[in-house]
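Below you'll find the structure, written out as structure tokens, and then a few comments.
Every chain is numbered from 1 and lettered A, B, ... according to where its sequence line falls, protein lines coming before strand lines. These numbers come from a predicted model, not from an experiment.
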There are 2 protein chains.
Amino acid sequence: MTIKVPDWVRGAVFYQIFPDRFRQGPVQHLPPGLTLKPWGTPASEQGFQGGDLYGIVEKLSYIEELGVTALYLNPVFASASNHRYHTYDYFTVDPLLGGEHALRLLLDEAHKRDIRVVLDGVFNHASRGFWAFHHILEEGRNSPYIDWFHIDDWPLNPYPKRNKEATNYQSWWDLPALPKFNTDNPGVRDYLFSVAEHWIRFGIDGWRLDVPEEIDDDAFWQEFRSRVKAINPEAYICGEIWKKADHWLQGDQFDAVMNYPLGGAVLGFFGAQSLKPDDQPEHLELKPRTSHSLKKRVDEIYGWYDPEINQVQLNLLDSHDMARAKWILSDDVPALRQSLAFLLALPGAPCIYYGTEIGMTGGPDPDCREAFPWHKPEDWDLTIASAIRKQALARQYFPALGQGDHYIHILGKETLAVERWLDDDRAVVFFNRSKKAVTVTPPETCLGLNRLNDMAERANDTLS
Amino acid sequence: MTIKVPDWVRGAVFYQIFPDRFRQGPVQHLPPGLTLKPWGTPASEQGFQGGDLYGIVEKLSYIEELGVTALYLNPVFASASNHRYHTYDYFTVDPLLGGEHALRLLLDEAHKRDIRVVLDGVFNHASRGFWAFHHILEEGRNSPYIDWFHIDDWPLNPYPKRNKEATNYQSWWDLPALPKFNTDNPGVRDYLFSVAEHWIRFGIDGWRLDVPEEIDDDAFWQEFRSRVKAINPEAYICGEIWKKADHWLQGDQFDAVMNYPLGGAVLGFFGAQSLKPDDQPEHLELKPRTSHSLKKRVDEIYGWYDPEINQVQLNLLDSHDMARAKWILSDDVPALRQSLAFLLALPGAPCIYYGTEIGMTGGPDPDCREAFPWHKPEDWDLTIASAIRKQALARQYFPALGQGDHYIHILGKETLAVERWLDDDRAVVFFNRSKKAVTVTPPETCLGLNRLNDMAERANDTLS
């Protein structure tokens, strides 16, 4: 089938925000008598620090200046966990985040700046407090919603003394907090599709889909796509799938997936000397690579999908679900800058995890979810922000960098170049991961180029 | 202070509906894949039988023809129990009832017929599935909503193996399903008041307040009143208080209470021979009475309150919270008809529990909550409906009967008359509880009356 992807995602630069930890805005919307954790409490502590959507609105200029053109927000619907993947109400923006009013404002203000907003859709599982599951907890077999979940045995034991105790209902990763929807029930399907439609109508620009592989049902995702696209044909549908995902990327299900394999390859090359050897992210192949190995892996990944899909893949180094890239790279900031620049030089929509640009670090979840240190600007490393901004703006100004074809040239074991072209526009970005200056010969196709876009470490490189 | 009551309640006749059991309407609004109990399943079985607000709309003509001018509905907000006193979402009309669309339609259609609609407000406690309580269940001490309820100890045990196990949080009647709000928290107060305001703005005509005595805080109810009346000065506020309630009826809190003591006295007189001796409703003084004893008790009850309050008291024989009057009267239908007629002859707003008019019966909760037998009209005893209709219409046509002063005349041990007057309008209703004809002399004040409104058993009575 013909593959149709949202045009606005070609060349887009995403910024991912974990809403509880980005910024508490100036609007006093919380009721009195609430108890929040202080801003900056270690992320390993449970609880809410009070980031909200008004805070994102307040910082839209800051975000825009980075060269960002789209936001991906972790879940914003009502949930009793700070990551909000335990939804209790899919039709309510969490009151701690400012509620629907704040989302309305954020969409309006972002759209004024041509910044799109993609939300996180958690459709595989709900929370124990989701109304239909609560209904079953209260009414047992007498609940009309008995078929909305997968009940194995009675009585239910929703709050076991030990969290790892076997649940007697199906749940995500056997966590009792996350009962899995029975998406074979037509009422459940309608309900979930109505959620997807409602927020698209409200004005969001797409859905990032949480663990969509767990809903092992092509027809579900096909209908999801057709109902969402019927409302907004330019809505972006991006699945969280950590591996090769060609099954979902044939044009009838998702537009893209989160391209973790690409990020892993990139970190493996630029971080070959600095990777933390004993801290492998769970789903990620992360190993030191030469330029040959990087090219081979990147070419392989781009070969998995149609070129149209590759133009809108969500390319990322890290996210809320893994250690921050800076942490993985043992604080090797030059390697981080080049890794980001490399993603920004390739086709697809790179996604910057909030705070990466100022050097925030943190190990695996939940440590990667710290509060943004607005109050400590003296700690910020602005060289990263500067590298991102430069390359992000280049993508906007040079169509080849945003939407062109690409080729990776190996220049040496530690050096390579990414060439991009679109019609008459052509750009090359050179990379040198070594800490010393090298002299490289531009690839033949690049001879005569009048623009050499160098996002590598200028101070250390010599480009001939 | 001056006592100001809603004018529309003077002379009103209420009809109380338990929404799951009144009528399933013709609108197909339920999603596929739901499992309801068959209509007519014994009320002792848990579960939902599918009554909805569309069903009430469908039967508005039926209700109007009874002479009814107002509905009191048991709770309609989202809840995982068929009585819906376990609210999980105060801003959502239960989807099983048809959701907000159905309530909108019901209000519009009822108002076209000058029928008012009063909803049940459950503000003392929520359910375990109410979002802020769920928040605490999930997050424990880390929840910002920690102060919204009264937590005594950790970890919480919301679903104990035995329901009577001591809860480690305050709850209504120590039921773990019903955690009690901390109404001292200003955020909780605002939240509950915003619920009350929201539905008054939506167009309901008042609130029947569930167990308001449990919120032992005059300032709470004073603010509740002032916020509700600021939106609709004619909104009716009626508290569920089973005893003398003068504390709440000084003009600054409620307009009325559910007048169970009056109903108890009436049943005691008309049912003197037929009361079930061993089945005393929990909060109700129910004993055989002579006409002297009845008059004494009724005069006492009317003496508790300002005459303005008495004009809008919700006078009732029974409700969802107790055995049906017919059951209490051992199926003595003549006694039931006269009891109803007596209530309808007195000042205040009588409230007919759904199905009373066709002879539905049933013991204490939950047996008193059976499905209305629309499908078995051959079982209906329409003499009751006829008695209600006659007296209810009389209240509409004769202002004295609807809004006048009153006096109870004792005519004999088993006979009495209720006299009502307003300006030049005057009416007397005679009652004879004995099963044989008697000859009575009208009270002197009644001589020369040209209207004798006889709701008693004409066949058995002789009126001079």
remark   = Minimal heavy-atom distance between Ala177(B) and Glu138(A), with the atoms involved, is CB-OE1, 3.9 Å

key: Derivation of the side-chain contact (heavy atoms from CB on, under 4.5 Å) call for Leu96(A) and Tyr145(B)   = CA-CA 10 Å; Leu96(A) 294 175; Tyr145(B) 299 98; 3.4 Å; yes

key: Least distance between heavy atoms, His134(B) atom then Ser127(A) atom   = NE2-OG, 3.5 Å

query = Under 4.5 Å between any side-chain heavy atoms of Asn157(B) and Lys161(A), yes or no?
reply = no

inquiry  = Looking at every heavy atom in both Gly187(B) and Pro31(A), which two are closest together, and how far apart are they?
reply    = CA-CB, 3.9 Å

request  = Assess whether atom NE2 of His101(B) is packed by more than 12 heavy atoms of other residues, nucleotides or ligands within 6.0 Å.
outcome  = no

note = Minimal heavy-atom distance between Asp147(A) and Gly33(B), with the atoms involved, is CB-O, 4.1 Å

message = The test is side-chain contact (heavy atoms from CB on, under 4.5 Å); show your working for Asn142(B) and Lys37(A) and say whether it passes.
response = CA-CA 8 Å; Asn142(B) 291 305; Lys37(A) 294 280 174 90; 2.5 Å; yes

query = Closest heavy-atom contact between Leu36(A) and Pro144(B)?
reply = CD2-CG, 3.9 Å

query = If you look at every heavy atom in Pro32(B) and Asp190(A), which pair is closest and at what distance?
reply = CD-OD2, 4.5 Å

Portion of Thr92(B) that has a non-hydrogen atom of chain A nearer than 4.5 angstrom = neither

ask   = Parallel under 30°, tilted from 30 to 60°, perpendicular over 60°: which one fits the rings of Tyr88(A) and His135(B)?
value = perpendicular

query = Which residues from residues 22-30 of chain A are near chain B, with near meaning under 4.5 Å between non-hydrogen atoms?
reply = none

query = Side chain, backbone, both or neither: which part of Pro155(A) has a heavy atom under 4.5 Å from chain B?
reply = neither

query = Just checking heavy atoms, which of residues 42-58 of chain B are less than 4.5 Å from chain A?
reply = Gln46(B), Gly47(B), Phe48(B)

